[in-house]
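Since the structure comes first, as structure tokens, the remarks are kept for the end.
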Amino acid sequence: MKVYQNVNIVTCDQDFHVYLDGILAVKGSQIVYVGQEKQEILDQAEQLIDYQGAWIMPGLVNCHTHSAMTGLRGIRDDSNLHEWLEEYIWPAEAQFTPEMTTKAVKEALTEMLQSGTTTFNDMYNPNGVEIEKIYEAVKTSKMRCYFSPTLFSSENETTAETIARTRAVIETIKGYQDPNFKAMVAPHSPYSCSRELLEASLDLANEENIPLHIHVAETQEESGIILKRYGKRPLAFLDELGYLDHQAVFAHGVELNEKEIERLADSQVAIAHNPISNLKLASGIAPVVQLQKAGVPVGIATDSVASNNNLDMFEEGRTAALLQKMKSGDASQFPIETALKALTIEGAKVLGMADEIGSLEVGKQADFLVIQPQGKIHLQPQENMLSHLVYAVKSSDVDHVYIAGEQVVKDGQVLTVNL
Ligand SMILES: [Zn+2]
């Protein structure tokens, strides 16, 4: 058993327990004690690690990203979503080679680990060769990943061909039998997939018994396109297809009215909120406070670095908090506890992983990050730790990261990715 002592622990558990001068005990991959210092726990320690007043919190959960797009950072600023996608992103992605993709994924893994992210929900359209290389990179990194092969309607492929190709990727992922690398089905969006492909994607998710992952209600323009094409807004259209009765992660959820939020509360859908991407592409501000009040799980996400332009979850959580205060005109909304939970346990709920990760509790996996505030002038005075973790911390402040009890970042250096 390893015991981390002299630490201030933000558990992000249900009651938001915080232990000052506490200890965290880990046996194998699991947490076996978290709380105030206890002599009997210290006595059992095979290894004592004194973190000298550092802060510990759960590893961050990025609910929606596109790691393979890391090579597109900075490719195009100052465009709205549809122009950005059609004129810059999709043509660039069409040029990707398996080597470029693997390199980009490794860079994304490095950036995520360095900034305290331990679990991510990825969306990309790979072929057979790439998925093996991507899996190798993720496995070596030790990160937990939901990998969602993306489906588009295209003139070059029939729906049956797209589904067959995607099914092959999912079967490959299933063949790994790795609980840290699982699949979702990701039809890209209601506007880029035909009705037939959306229906076939849901069938595939049902057959494979895995969740769906899709961009939904991202912009007003999307609502206009879907209304014109099907006579319904995006949520009602997907509801008609059966998407709201299947476990799903909807990325964005910016364009949602009161009735739609009510419907979501009664569905199996969770929202991945991407505040900076939504700002940068001028998509809008998601009604996160209303979604949370209605009981819809909302996790935080970065989207890709092509619309962000980094994978810094702390920055994302801070932006989410600031936006909800501004949107509601009420500074008491989205308080620091809510922000810290949105980065961790709520993200775990969005991915259906809250029994294993997302909070520091006995029996859960030991996924955590360590920040030493000493010597960091922007994290003083140290006693306001919770505030700093939302409003002052930078991703580069993360000193150490552990996944399943194993150290993956030491003194800011990633140990598990070879670039
Ligand atoms: Zn996205």
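As the structure lists them, so they are numbered: ligands from 1, and atoms in each ligand from 1.
- Protein atoms that are N, O or S and lie under 2.8 Å from the Zn ion (ligand 1) are these: H64 NE2, H66 NE2, H215 NE2, D303 OD1.
- Using a 4.0 Å cut-off between a side-chain N of Lys or Arg and a carboxylate O of Asp or Glu, E107 and R73 do not qualify as a salt bridge.
- One finds a salt bridge joining D399 and K376 here, because a Lys/Arg side-chain nitrogen approaches an Asp/Glu carboxylate oxygen to under 4.0 Å.
- Under a 4.0 Å N-O distance rule, the pair E262/K259 does not qualify as a salt bridge.
- The existence of a salt bridge linking E171 and K174 is excluded, since no basic side-chain nitrogen approaches an acidic carboxylate oxygen closer than 4.0 Å.
- Using a 4.0 Å cut-off between a side-chain N of Lys or Arg and a carboxylate O of Asp or Glu, R263 and D239 qualify as a salt bridge.
- Salt-bridge annotation for K394 and E315: absent, with no side-chain N of the basic residue lying under 4.0 Å from a carboxylate O of the acidic one.
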